[in-house]
Structures are given as structure tokens and as C-alpha cells.
Amino acid sequence: MERLILNPSPGVTLMRKAYGEALVELGHAREDVVVLSADVQSSDFSCMFEAAFPERFINVGIAEPALVDVAVGLANGGKVPIANTFGFLFATRALEMVRTHLAFSGANVKLAAAYAGLSDSFDGPTHQTIADLAILRSLPNMAVVVPADARAVRRLLPQVAAWNGPVYFRLCRNELPDIFGEDYQPEIGKAVMLMPGQDATIIACGVMVGIALEAARRLAQEGIHARVVEIHTIKPLDTEMVVHCARETGALVTAEEHSIVGGLGGAVAECLGESYPVPLERVGVRDTFTESGPYEDLLRKYGLSSDAIVDATRRAMARKPSAAPIEVQSMCG
Amino acid sequence: MERLILNPSPGVTLMRKAYGEALVELGHAREDVVVLSADVQSSDFSCMFEAAFPERFINVGIAEPALVDVAVGLANGGKVPIANTFGFLFATRALEMVRTHLAFSGANVKLAAAYAGLSDSFDGPTHQTIADLAILRSLPNMAVVVPADARAVRRLLPQVAAWNGPVYFRLCRNELPDIFGEDYQPEIGKAVMLMPGQDATIIACGVMVGIALEAARRLAQEGIHARVVEIHTIKPLDTEMVVHCARETGALVTAEEHSIVGGLGGAVAECLGESYPVPLERVGVRDTFTESGPYEDLLRKYGLSSDAIVDATRRAMARKPSAAPIEVQSMCG
Amino acid sequence: MASTNNRVAPAARVYAFGMCHSAEMIADLSRRAYEYRAQVLRMVYGRKSGHIGGAFSIAEILCCLYFHQMRVDPARAEWPDRDRLVFSKGHACAMLYTMLAHRGYFPVEELETFRALDSRLQGHPEPAKTPGIEAAAGPLGHGVAIGVGMALAARMEKSKRRTYVVLGDGELNSGVIWEGAMVAAKYGLDNLTVIVDYNGVQQSGTTQQIMPTEPIAAKWASFNWHVIEIHGHNVAEILTALDTAHEMHGRPVVIIARTTKGKGVSFMENSPAWHGGVPTGEQFQKALAELEEGARQWSA
Amino acid sequence: MASTNNRVAPAARVYAFGMCHSAEMIADLSRRAYEYRAQVLRMVYGRKSGHIGGAFSIAEILCCLYFHQMRVDPARAEWPDRDRLVFSKGHACAMLYTMLAHRGYFPVEELETFRALDSRLQGHPEPAKTPGIEAAAGPLGHGVAIGVGMALAARMEKSKRRTYVVLGDGELNSGVIWEGAMVAAKYGLDNLTVIVDYNGVQQSGTTQQIMPTEPIAAKWASFNWHVIEIHGHNVAEILTALDTAHEMHGRPVVIIARTTKGKGVSFMENSPAWHGGVPTGEQFQKALAELEEGARQWSA
Ligand SMILES: Cc1ncc(C[n+]2csc(CCOP(=O)(O)OP(=O)(O)O)c2C)c(N)n1
Ligand SMILES: Cc1ncc(C[n+]2csc(CCOP(=O)(O)OP(=O)(O)O)c2C)c(N)n1
Ligand SMILES: [Mg+2]
Ligand SMILES: [Mg+2]
């Protein structure tokens with residue numbers, strides 16, 4: 001798997017810059033792509049598209065409901081609109097528009113959700129987004145895609161544009177380690193096995209993929225072989241892969257830059273319950289709003305760390321029916 | 001349990017009428033209660049409060065974001081505002097206001113979510129609400145309460161008003177069978193065991209409670225003893241009861257007037273995964289928008305029936321490790 | 001938009017775009033507005049569900065759009081250069097469906113399935129199911145911003161197609177209307193025409209009681225729209241206003257059309273009770289008689 | 001709102017509500033506006049994060065509110081009859097925190113913790129953490145409607161307390177502003193005063209480029225508000241406008257305050273780059289010097 005994941009990571013890339021570049025490339029490749037912003041194009045770097053294709057860029061001002069509705073009108077005219085603003089604004093302020101016209105009517109609009117998770121760290125909890133995966137996933141017909149590094153952004157964005165229907169594309173504001181190599185060829189809807197292992201499976205998305213790999217390497221040093229799977233598409237979920245891993249490893253851990261409620265962990269929990277119940281531990285923000293501060297500090301303080309994944313993996317393994325019986329405290333809530 | 005549940009149901013009551021009456025009663029009991037509407041008070045029957053207490057009734061017009069924000073301002077002034085509109089509008093159009101000021105800031109605002117589930121049946125999928133439980137449950141600090149009949153509305157509404165923080169109170173538009181007797185004393189946050197049984201547990205909320213009881217009675221005729229538990233509080237979830245039932249019956253079925261994604265079924269799946277994994281079948285709308293038509297027809301067509309619960313119970317039981325091995329198809333999605 | 005299967009020949013006469021507004025044409029469209037009201041009455045009475053008041057107030061306006069102004073072709077429902085209509089006050093869709101059927105998008109008989117299980121004619125407009133519907137509606141407030149997107153797409157493709165948006169006056173309470181209005185003005189969308197069905201009644205009362213809209217012309221003017229005020233049941237005025245809007249340069253146009261909610265049935269007019277009310281058998285007969293009388297007044 | 005622990009005696013002079021606007025008072029508040037700008041500059045420079053431009057444009061207005069107009073008492077932060085301020089343009093909260101500290105809600109030294117982990121001074125206002133904050137802000141657009149609720153609560157309790165709302169001009173793009181504006185006018189809330197920080201710049205450009213706001217007075221007037229236009233860095237004009245608003249009967253008042261984004265620092269003024277930009281060391285020194293010079297001009 002050498003060329004699938006890079007170990008060690010050769011460096012970091014600002015994800016929004018990678019996104020801006022990929023957007024410009026997409027603009028060259030597809031004339032039907034139109035980009036919209038709600039006065040934050042300098043934040044999310046869709047301003048790079050504006051500079052390259054001013055006549056295909058629309059700025060609606062600070063009006064996110066209109067942002068989505070204008071995109072819906074453009075889609076009616078055969079365009080492939082990519083609407084840009086902060087993830088929390090799609091998932092809350094403009095959600096009715098997303099539900100009614102994208103999910104229900106199938107308008108072919110793509111939502112590029114900037115500053116997601118805790119990545120707008122200094123702006124604080126009002127700007128952070130810990131419920132967007134749960135919210136978007138609850139809507140029929142939405143695709144929900146979470147790239148984990150700059151290469152993933154570049155390879156997934158054209159697929160987002162080509163996907164037949166609405167997509168929520170969740171982006172990080174900050175520098176993230178480059179984790180994927182040349183051979184990483186993600187496909188919307190398909191999970192990617194990144195590291196083999198039989199003792200447990202760690203399923204991760206976004207920034208947590210790199211952290212999950214780190215956790216798995218630490219566990220390996222103790223002789224615990226955790227499988228690492230990237231699920232970049234939260235919806236439609238690759239349920240086959242989830243069930244496969246449940247069967248083969250008997251214990252699962254999910255890791256996401258999101259609340260433990262309803263997101264990747266929720267999707268996996270539902271799948272397991274209806275298919276193959278095994279112990280599941282969810283690593284994520286524990287159903288609380290966070291605070292302002294440096295990104296790395298926030299991730300650590302709110303339990304989005306390799307420590308947390310290592311602990312969760314041990315807990316999940318201890319709960320396998322075959323494991324020595326120990327008293328495990330319920331953490332659901 | 002004679003006086004806990006009425007068998008047979010002695011009749012039906014229009015839930016929104018029960019709500020309107022309970023609201024007026026609350027207005028007499030508490031001077032700090034203020035009621036708000038967004039031009040649908042004749043639909044949700046909050047007009048009954050308007051008639052009784054015109055000076056404590058505010059109508060913001062067709063402006064749901066403002067509806068919630070005005071309520072937030074009233075709460076700052078020590079009032080207990082009960083905002084009224086259709087559930088889907090709270091869960092989508094006004095969601096950012098709900099998230100920022102109720103969930104995040106803790107504004108003591110109560111949302112009376114009318115016309116929820118499929119109950120606004122003729123108006124169709126734009127007005128129906130199959131994702132509100134998933135959406136509201138994803139927000140930290142929100143309480144989410146779903147009464148199942150008129151008596152439940154009357155007994156829960158004063159608790160909603162007294163609850164220390166925001167509540168989403170999910171209401172049905174239509175006539176529902178009276179199912180609870182004198183002894184029904186629901187408490188926010190506590191599940192209610194309605195019928196004993198050891199073979200499986202059916203956990204239901206709202207209109208599905210009566211249908212679950214019917215399913216259990218049918219199963220009993222075949223010698224299958226399914227326990228029936230009402231979970232009227234989706235958040236905070238009574239995880240103790242869920243785990244208890246999982247231990248004692250080894251197979252669970254959830255039944256809700258909601259998508260199978262992220263709602264009651266999702267909450268129970270998460271709890272089981274992290275505490276006590278057993279087979280779980282989710283009865284609900286199968287991740288699709290529905291259509292216009294008579295309420296009963298819609299419930300049946302979209303799988304919200306006692307038939308569906310009976311089948312799901314059999315499937316869940318068949319999947320117990322102790323059961324004879326059969327091939328069970330994955331239905332997660 | 002669903003494809004136009006089960007297509008039938010249009011039963012109703014279409015007055016080609018651009019042709020002069022003859023007295024005969026005006027009388028014909030005026031008469032048909034009453035006939036279409038009767039059709040809506042039957043649909044709502046038959047299904048015991050639907051919104052009569054706001055359907056009746058918009059009858060003449062939709063008649064003028066579908067049978068003269070809008071360049072659409074039911075045989076080529078997906079024709080890229082068709083004019084677009086966003087029917088934002090979606091609750092009144094019984095009238096929209098009636099227009100579409102008579103325009104030839106689907107059989108008139110299908111109107112009877114309105115709001116029934118398995119019907120293509122949903123409680124609120126659903127583009128995937130009903131031929132001729134451009135955008136979902138039901139939740140109020142979307143029309144202007146969606147229309148902006150359509151008008152921008154037309155401009156990008158240098159297409160002459162036009163976008164029409166029909167709003168309710170209660171709908172103007174909704175903030176996203178004003179967001180859309182600002183964007184339209186910013187981009188100077190003169191290929192966009194909004195028509196406000198200014199009937200003075202919303203769901204639970206008059207606009208005066210629930211949310212006053214005056215001074216409505218000043219509001220739109222201050223958002224940099226060109227404002228035309230007309231009587232919305234006067235076909236001649238409607239047609240002229242649509243022509244004026246067509247000729248506007250550099251600014252979007254709003255037509256404030258003064259109408260009567262429940263127009264044509266004495267006991268329904270101006271009454272919030274008939275926003276979503278369903279008539280009894282007796283009321284149905286009385287209403288039908290009044291509408292037939294209304295149509296007769298326009299018969300040659 | 002969090003309780004006022006660690007309270008310190010107010011360092012800054014408060015000019016009691018109602019007292020005449022002496023030249024000395026005007027000079028003092030004008031000077032302090034520059035000092036508070038310097039404080040904000042240090043906070044953003046220190047943390048390498050925050051919004052300077054919109055904080056500088058609102059300095060004099062907040063000075064007038066906190067040190068003269070608003071009847072608040074840090075010792076009784078929860079006093080029911082206190083005046084309320086909804087700071088809707090929450091991104092500019094470094095200036096709000098500075099006012100609150102100098103008004104005595106918490107130690108001035110605590111300002112250094114702005115946006116740090118575990119701080120009470122969050123990136124955007126959070127009432128549960130910071131004493132003196134009435135409403136969360138950050139997502140733009142909430143202020144008017146929340147203010148409406150506060151003003152309605154005051155009226156219900158027959159309290160004379162007043163509600164003030166501070167908006168950005170880019171914020172006016174947001175539809176919920178206009179929803180709130182309609183509700184305020186419907187209820188004739190003369191105990192509500194909105195102040196628009198009309199600095200002509202939003203995040204990624206001027207309002208003219210991103211979303212034109214003119215004719216701004218006509219917009220508010222057409223929504224039935226009484227409009228007052230002033231220069232928002234002129235303390236005398238601000239104080240007079242607030243008095244006029246106080247005396248209004250039957251209508252809400254909006255004060256359109258013409259300001260300069262980044263006011264007081266030559267290279268920051270009117271530049272979108274300083275909406276959220278963080279100065280280099282050199283820029284910091286230059287800006288500080290300019291602000292000190294600004295303060296000196298108002299010294300006796
Ligand atoms: C966002 C939203 N809020 C509330 C409703 C419920 N509703 C349906 S119609 C209506 C009144 C509409 O009044 P108006 O726009 O004046 O329409 P008309 O008079 O033309 O029927 C309301 C409140 C809705 N459909 N959407
Ligand atoms: C709803 C919403 N959309 C976008 C943003 C991002 N944002 C923060 S400040 C800002 C510009 C605000 O401009 P203006 O209101 O003029 O404020 P000022 O010039 O006073 O700083 C934007 C777009 C936000 N905070 N909230
Ligand atoms: Mg109306
Ligand atoms: Mg500004």
C-alpha cells in the first residue's frame with residue numbers, strides 16, 4: 001500500500017488552496033460549471049475561480065438562502081452550479097432550500113462546504129460545524145462527501161461535479177498533512193481500505209483519517225492490528241465494506257471531526273444494527289459545542305486525537321464477545 | 001397495566017385540538033408563557049391561545065427565522081416563549097436560529113412543531129417532516145419530545161414549559177387513537193414500558209406507539225411476546241431502558257413516523273453499538289420522500305404499519321445469535 | 001420537470017406571443033379564467049383538500065401567461081429556450097395544474113386525481129412528477145431567488161428566454177424574497193418579471209392584520225426594481241404590463257397586481273376562511289353557479 | 001449572560017444618562033474611542049486573529065452607548081430593567097469586549113485572552129461565557145428580530161428599558177433582517193433603536209461591488225421605520241440621534257451611521273483587506289502610532 005498512503009507524510013497542504021486550484025481546473029474542463037459565493041470567496045478560495053472565470057462567478061452577498069436558490073435556478077438552466085459558503089450555513093441557514101430543491105426536487109447543485117468541523121477554530125462554535133453530516137445525511141438523495149487531504153480534494157471534485165444529483169462536499173479550512181499517494185483513486189460511494197488488520201477496524205473520514213493511521217501505527221507497536229478504512233462518502237454509505245469489516249474484525253471504531261451523534265458514527269451504527277451487530281466506539285465531539293482556539297488544541301481537547309482512537313480501539317476490542325469479560329461503561333447519549 | 005394503556009382504544013382525538021386546549025390551560029397556569037406564530041395559528045390551533053390571551057400572542061407573519069429570533073429576545077426578557085409553526089420549518093428554514101440561540105446559547109425557547117411526520121398528508125412531501133428528529137437530535141442541548149396521543153400532549157406540555165432549556169415538541173396534525181389511560185404519567189427523559197415481553201422489544205414514538213401495541217397483540221396471538229416501550233423523549237435518550245431491553249430481549253425494533261436515518265432508530269442504534277450490540281430493525285420511511293394522499297394510506301404505503309412492525313420483529317428475532325441461522329438481507333442504507 | 005407523456009392536444013386556444021390584444025382575445029381569456037376557477041372548485045371539492053382563495057385570485061394572470069405571453073411548447077417541455085415560470089405561491093397549484101392541462105401538458109381528466117395517492121398532481125408542485133413545472137414550491141419565499149438563477153442562466157447563454165415569478169403578498173413577509181430582490185437588482189436582470197398577487201389576505205387574516213405590506217411599491221422601488229401597478233383581474237392591463245416588462249432595460253420588473261382573494265364567489269371573496277377552506281355541498285353548488293355566471297358575462 | 005465575577009471597578013468614566021452633552025464629554029468619548037481602537041489592535045495582533053475593520057468603525061457608537069446612553073450596571077448584570085444591546089455584527093466583538101471591560105464587567109487584563117483556548121472571550125459573542133453579552137452573534141442577520149423580542153418583552157412588562165441593535169451594512173443583505181424590520185414596524189416598537197454601521201465595506205469588497213445597499217434610507221422608510229442619518233464618528237451627532245430615537249413615539253428608529261471601516265489607521269481605512277486581516281509587526285507599530293495621534297487630537 002506504499003503508494004496508497006504516504007508514510008511519513010511528506011508535508012502539509014492548505015486544503016482550501018487545493019480546493020481553489022481544483023475549482024479552476026474544473027472550470028477549464030467543464031464550461032457548464034458556474035461558481036457562486038455569499039461574500040466569503042476570499043475565505044474559501046473560490047475567489048480563484050472568480051479571477052479565472054469572472055463571467056461564470058456570481059456573488060449574492062451575505063444571503064445564504066438566496067445562494068442556494070439562485071443555484072437551483074441555474075441548474076434548471078442546465079448549469080452545474082457549485083455554491084460556496086461555510087458548511088454550517090448550508091447545514092442550517094439555507095437548509096430548507098437544500099432540502100426542498102436539492103434533496104426533494106433533485107436540483108443538480110453542488111455545495112462546497114468550507115470551514116467545516118472545528119477548522120474555523122478561532123471564530124468559535126457559531127462558525128464550527130459539528131452536526132452537518134448528521135443533518136445532510138438525514139435528507140434523502142443527498143450525497144455527502146468528505147475529502148481527507150489535498151489530493152483527495154483534487155480527485156474528488158470532478159466526481160462531485162459529474163455526480164448525477166446534489167452533493168455536499170465538506171472541506172477543511174486549514175493545512176492538513178498529505179496522506180494519500182499516487183495510487184489513491186477514490187470513487188464516490190466506495191470505502192477505501194488503507195491499512196490491513198484483523199483485531200478491529202477504525203473507520204475515519206476527513207482530518208481523522210491521518211490521525212487514525214497514526215493511532216493504528218501506535219497500536220501495531222503494542223501488537224494490536226487495527227484495520228484502517230477511509231469512508232469519504234458518508235452517504236451513500238458503503239455498507240458492504242462496513243459489514244465486511246464487522247465480520248472480519250468483530251469490533252469497530254469510527255473517527256470523525258463531528259459530533260458522535262448522527263454522522264459517520266451514526267451511519268455505521270445503523271448499518272451494524274440492521275446487519276451485523278458488533279461493538280462500536282464512536283470518536284468525535286461528545287455532543288457538546290466547543291470553543292475558540294488553535295485548531296490542533298481544539299482537536300486534542302475535544303477528543304479528536306490518536307490517543308482517543310487508541311483508547312476507543314482497546315475498548316471496542318475488550319467488548320468483543322470473545323474477549324475477557326470486563327465491565328464497560330455505556331457512553332451513549 | 002390496564003389503566004396505563006386503553007385496550008381497545010375508546011376513540012380518537014384531534015391532536016392539534018388537544019394541543020390548543022393544553023396551551024390555553026398552560027396560559028392560565030403560567031403568566032410568563034408567551035405564544036408566537038408565523039401565520040399558521042389556525043392550522044396548529046395556537047389560535048386558541050390567541051383568543052384567550054391576545055396580549056400574550058405575537059404573530060410575525062410568514063417569517064420563521066424571525067419567529068425563532070423574536071422568541072429568543074422574549075426569553076432574554078424572562079418570558080417562556082412557545083413558538084408555533086410547522087415542524088419542517090423549524091427543522092430547516094429556521095434551523096440556524098435554533099442552533100445558534102437555543103442549542104448553543106441555551107435560550108429557553110420551546111418549539112411546538114405542528115404537522116410533523118406525514119400528518120400534513122395532502123400538502124405533500126414539502127410540508128411533511130421525516131428528518132426533523134435526526135436534525136434536532138444532532139444539536140447539543142436540545143430536548144426532543146414526541147407525544148403519542150392527546151393525553152400525552154396534555155401531560156407533557158407543562159413539562160416542556162418547565163424544562164430548563166430549549167425543547168422541540170413534535171405534534172401530529174390529525175386524529176389519533178386515545179391510547180393512554182389515567183395512570184400514564186410521562187416524564188421527559190424517561191421511557192415507558194407499556195407491555196411486557198421477553199422475545200423482542202418494540203420501541204416506538206408518536207403515532208407508531210398505538211400501531212406498535214397492535215403489532216405486539218398480533219404477535220402474541222402467534223405466541224411471540226414482544227415487549228413494547230414508548231420513548232417519547234428522543235433526546236435526552238433513556239439509554240438505561242434501551243440497554244436493559246437489549247439485555248433482556250436480545251432483539252430490538254424501532255418504529256417512528258420519520259426516516260429510518262438518524263431519528264429514534266438512529267439514536268437506539270448508536271446506543272446499542274456503544275453498549276450492547278443486538279440485532280436492530282428500524283421501521284420508518286425508508287430514506288425517501290413520500291407524496292400527497294390520505295394520512296392512513298400514506299402510513300401504510302410507506303411502511304409505517306403494524307404489518308411492517310410484525311415483520312421487523314420476526315426478522316430481528318431471527319437474527320438473534322441463538323436463533324436458527326437464516327440468511328438475512330442487509331437493509332441498511 | 002417530468003416528461004410530457006399522455007399528452008393530449010391542447011383544448012384551449014393559445015394567442016401567439018406578440019399578437020395584438022384584441023377585444024375578442026381579452027374576452028376569451030377573461031371568460032376562461034372563470035371556467036378554470038370552476039375547474040379548481042371541482043378539484044378541491046372532490047378531494048376535500050386544497051387552496052381555493054389564492055387560486056382564484058391568480059386566474060387571469062396565469063391565463064395571460066400560459067395562453068399568450070410565455071413561449072412554451074408542451075410537445076417539447078424540455079426545450080432549453082422555453083420561458084420559465086416559477087410559481088412560488090405553490091399552495092395555489094390547483095390553478096396552475098388547470099392551466100397546464102388546458103395548455104396541453106397532460107390530460108384535463110387527470111386533474112381529478114389532484115392530491116390523491118399515486119397522482120402526478122401533488123399537493124404542492126413537484127417538478128419530477130408534473131410536466132410543465134419548473135420548480136418545487138410549497139414552502140413560501142423561494143420564487144425570486146430561483147428566478148434570478150434562471151435569468152442569470154439565460155443571460156450566460158445569450159438566450160432571449162424570459163423568467164416569470166408569481167408571488168403571494170403574504171409571501172413577501174419572507175426574508176429570502178428580499179435577498180433575491182437585491183441580487184436581481186445587482187445584476188440588472190431585465191429578463192426577470194415578478195408578479196405579486198396582491199390580494200390583501202394571507203393565511204390567518206388580512207395582510208393588514210398579520211403583516212402589513214404597505215407601502216408595497218416603495219419597498220420594491222427601494223430595492224431598485226421597476227414597479228408597475230395594475231388591476232390583476234383586468235386582462236387588458238395584465239397583458240399591457242407584461243409587454244412593458246418585456247421592454248424594460250437594465251432593471252428587473254415587478255408587477256403589483258391588485259386582486260381579490262376568492263375572486264368570483266361572493267362568500268369567498270376577501271375572506272381568510274377560504275384560504276384553505278373546503279366547501280360543503282351547498283356551498284359548492286352556489287359557488288359553481290356564481291362562477292358560471294361570471295363566465296357568461298364574458299361570453300360573446 | 002454570564003455572571004460578573006472577577007469584577008473590577010470601572011476604569012473609565014461613565015456620563016450618566018440624561019446629562020447634557022458637554023464639549024468635555026464629547027472630547028473624552030472621542031479620545032477614548034481611539035484608545036479602545038488601540039486596545040483592539042493589540043488583541044488582534046497578539047492573537048493573530050480577529051476583525052479590526054468593523055471594530056474600528058463602530059468605536060464611537062459603542063462608546064456613546066456604554067458610557068452614556070445605556071442604563072446598565074455591571075454590578076447587577078442581570079438587573080431585569082437594564083437596557084439591552086444586541087451586537088449583531090458579532091465578528092467585531094473585540095471592540096465590544098473592550099467596552100465591557102472598561103465599563104467594569106470584567107478585568108481589562110482579561111482582554112488579552114481574546115480567542116485563546118479556555119478564554120471567556122470567544123471568537124464571537126457567547127452570552128453564557130462573557131458578562132454583559134445579551135445574545136450570541138457571529139452568523140449575521142439576527143439582531144433586529146432578537147431586538148424585537150426584547151422590546152416586546154419590555155412592553156409586556158411595562159418596563160421603560162430600551163433595546164439597541166448594532167448591524168453591519170453588509171449584514172443588510174440577509175433576509176431575516178427585513179423580516180425583523182417588518183415585525184418591529186407592525187408592533188410599532190418605539191423602544192427599539194437599530195444602528196447601522198454604514199461603512200460601505202463588507203467581507204470581500206465594498207458593498208457597491210458585493211451587494212449595493214442604496215437607497216438605504218428609502219429601504220428602511222419603506223419598511224415603516226423612522227430614519228436618522230448621521231456621521232458615525234461624530235460623537236455629538238451620535239448622542240443627539242440616540243436622544244431623538246428615545247423620544248420617538250409609535251415607530252422603531254434606525255440610525256444610519258456613516259462610518260469608515262478601519263477608521264483611524266490610514267492604510268486600513270476603506271479596505272476590505274482589513275476586514276479580517278492581521279497586521280505584521282511593522283504594520284502594528286504604524287497603526288498604533290496613528291491611533292495614538294488620533295487620541296492626542298482629542299486631548300485637552
Ligand atoms: C415558509 C412557509 N410558511 C408558512 C406556510 C404556510 N402557508 C401556506 S399559504 C400561506 C399564506 C400565503 O399567503 P399569500 O402569500 O398572500 O398567498 P395567497 O393569498 O395568494 O394565497 C401560509 C402561511 C408555507 N407554505 N411556507
Ligand atoms: C450569515 C453569515 N454569512 C457570512 C458570514 C461571514 N462574514 C463575517 S463578517 C462578514 C462581512 C460583514 O460585513 P458588514 O456587515 O458590513 O460588517 P462590517 O463592515 O461592519 O465589519 C461576513 C460575510 C457570517 N458571519 N454570517
Ligand atoms: Mg395573499
Ligand atoms: Mg460594512
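Order of the sequence lines fixes the chain letters, A, B, ..., with proteins taken first and strands second; residue numbering starts at 1 for each chain. Quick note: numbers below take in every heavy atom, side chains included, and nothing from hydrogens, waters or symmetry partners.
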Participant: Distance from A/Phe289 atom CZ to B/Leu139 atom CG, nearest 0.5 Å?
Facilitator: 6.0 Å
Participant: If you look at every heavy atom in A/Arg319 and B/Glu274, which pair is closest and at what distance?
Facilitator: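 Heavy atoms only, the tightest pair is NH2-C, 3.2 Å.
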Participant: Counting only heavy atoms not in B/Glu240 (residues, nucleotides, ligands), do more than 12 fall under 6.0 Å from its CD?
Facilitator: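 Result for CD/B/Glu240: open.
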Participant: So which of A/Ala316, A/Ala94, A/Pro277 has the biggest tally of heavy-atom pairs under 4.5 Å with chain B?
Facilitator: A/Pro277
Participant: Between A/Glu270 and B/Ile260, does a side chain to side chain contact (heavy atoms under 4.5 Å, CB included) hold up when you go through it step by step?
Facilitator: CA-CA 9 Å; A/Glu270 290 171 4; B/Ile260 55 167; over 6 Å; no
Participant: Give me the atom names and distance for the closest heavy-atom approach of B/Arg99 to A/Gln128.
Facilitator: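 Smallest interatomic distance, heavy atoms only, reads NH1-O, 3.5 Å.
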Participant: Please state whether the side chain, the backbone, both or neither of A/Ala91 comes within less than 4.5 Å of a heavy atom of chain B.
Facilitator: backbone
Participant: Check side chain to side chain donor-acceptor pair (under 3.5 Å) between A/Ser138 and all other residues, then give those that pass, not counting sequence neighbours.
Facilitator: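 With neighbours one apart ignored, the set is empty.
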Participant: What pairs with B/Asp123 under side chain to side chain donor-acceptor pair (under 3.5 Å), at least two apart in sequence or on another chain?
Facilitator: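 Here the qualifying residues are C/Arg115.
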Participant: Side chain, backbone, both or neither: which part of B/Phe88 has a non-hydrogen atom closer than 4.5 Å to chain A?
Facilitator: side chain
Participant: Just give me the residue among B/Ser105, B/Gly262, B/Ala134 that pairs up with chain A most often, heavy atom to heavy atom, under 4.5 Å.
Facilitator: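 Option with the top pair count is B/Gly262.
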Participant: With chain A, which of B/Asp132, B/Ile130, B/Thr288 has the greatest number of heavy-atom pairs at distances under 4.5 Å?
Facilitator: B/Thr288
Participant: Could you pull out the closest heavy-atom pair between A/Leu95 and B/Leu95, with the gap in Å?
Facilitator: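 It is CD2-CD2, 3.5 Å.
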Participant: Among A/Gly273, A/Pro65, A/Pro279, which residue has the highest count of heavy-atom pairs closer than 4.5 Å to chain B?
Facilitator: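 Option with the top pair count is A/Gly273.
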